[in-house]
Number of protein chains: 2
Amino acid sequence: MDSKKRKKLEAKGWVFGDAADFLSLTPEEARLIDLKLALRASIKEERMKQNITQEELAKAMGSSQSRIAKMERGDPAVSVDLLLRALMALGMSNKQISKIIA
Amino acid sequence: MDSKKRKKLEAKGWVFGDAADFLSLTPEEARLIDLKLALRASIKEERMKQNITQEELAKAMGSSQSRIAKMERGDPAVSVDLLLRALMALGMSNKQISKIIA
DNA sequence: TGACATTATGTCAGATTTGCCATATTCTAA
DNA sequence: TTAGAATATGGCAAATCTGACATAATGTCA
């Protein structure tokens, strides 16, 4: 809904943490943002741990390096679907993924 | 990727279960479908339990009745994002949601 | 320093997803 | 049965998301 505003703020260096409610975000929207944040962090962390480049991860999941970069960097225009695909491509089990969310 | 094919099959009454790999789905795609299936089921279940109509849930999350119907019915063109928003609008905690995924 | 690998940023057309509307179908109780 | 509530289906324009590409910025190591 407020992706424009959000994008604008993030363009200026903002990073969203636990309380992203200074915009007119519904609680659900805020929760979803925080959830994405957690997923993104895990992707980067796991990729690093496996010593895989963004390029390699991209190929493994049929995406592109630039999208991975955006994903890890925090572009709001990245769906949960894509984040989950990345985690799965990294070999994460549902159990592991669920731990990130909880 | 194969959403066309998938949609076509589902239009004919197919419902996807654990092994949706008879199409050329990557393992990640198949896992994502199964995950969506679980989320959808939980939404319907929880909505029923709370005695809420699709109309009411729709309003609570800023969507529409028809989309909720599609969501619960299994329209492949529903993002995980939307499913999560629904679960959140139903008052589910992250912990509860994570249990669905695991 | 320079060459090279990796990651970041900007852009875009095509694909997907969205809310919404109309309407059909199914369900429920009198 | 019939009315009315609830759900399902079809369709659409607008919004969002996507992979891809070019290119810039950053890191790394000799």
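Just so you know, these numbers use all the heavy atoms, side chains as well, and skip hydrogens, waters and symmetry mates. Labels below follow one simple rule: chain letters A, B, ... track the order of the sequence lines, proteins then strands, and each chain is numbered from 1.
- The base of D:dC17 lies outside donor-acceptor range of the side chain of A:Ser79, with no N or O pair under 3.5 Å.
- If you run salt bridge (Lys or Arg N to Asp or Glu O under 4.0 Å) between A:Glu72 and each of A:Arg47, A:Lys36, A:Arg67, only A:Arg47 comes through.
- Within the nucleic acid shown, B:Arg67 comes within 4.0 Å of at least one base atom, counting heavy atoms only.
- OP1 and OP2 of D:dA20 both lie 4.0 Å or more from every side-chain N or O belonging to A:Ser66.
- Considering only side-chain N and O atoms, B:Arg47 lies under 4.0 angstrom from the phosphate OP1 or OP2 of D:dT7.
- If you check every strand for non-hydrogen atoms under 4.0 Å, A:Ser64 touches a base.
- For the pair A:Met88 and B:Leu35, the minimum side-chain heavy-atom distance is below 4.5 Å.
- Between the side chain of B:Lys70 and the base of D:dG11, a donor-acceptor pair under 3.5 Å is found.
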Steps toward side chain to side chain contact (heavy atoms under 4.5 Å, CB included) verdict (B:Met61, B:Leu82): CA-CA 9 Å; B:Met61 59 180 285; B:Leu82 192 66; 3.7 Å; yes

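- Mapping B:Ile52 and A:Leu83 onto DNA chain D via the closest heavy atom, the residue that lands nearer the 5' end is B:Ile52.
- At the heavy-atom level, A:Leu82 lies under 4.0 Å from the strands shown only through sugar-phosphate atoms.
- Checking A:Gln65 against A:Glu55 by side-chain atom types alone, no donor-acceptor pair falls below 3.5 Å.
- Base contact: A:Gln65 has a heavy atom under 4.0 Å from a base atom.
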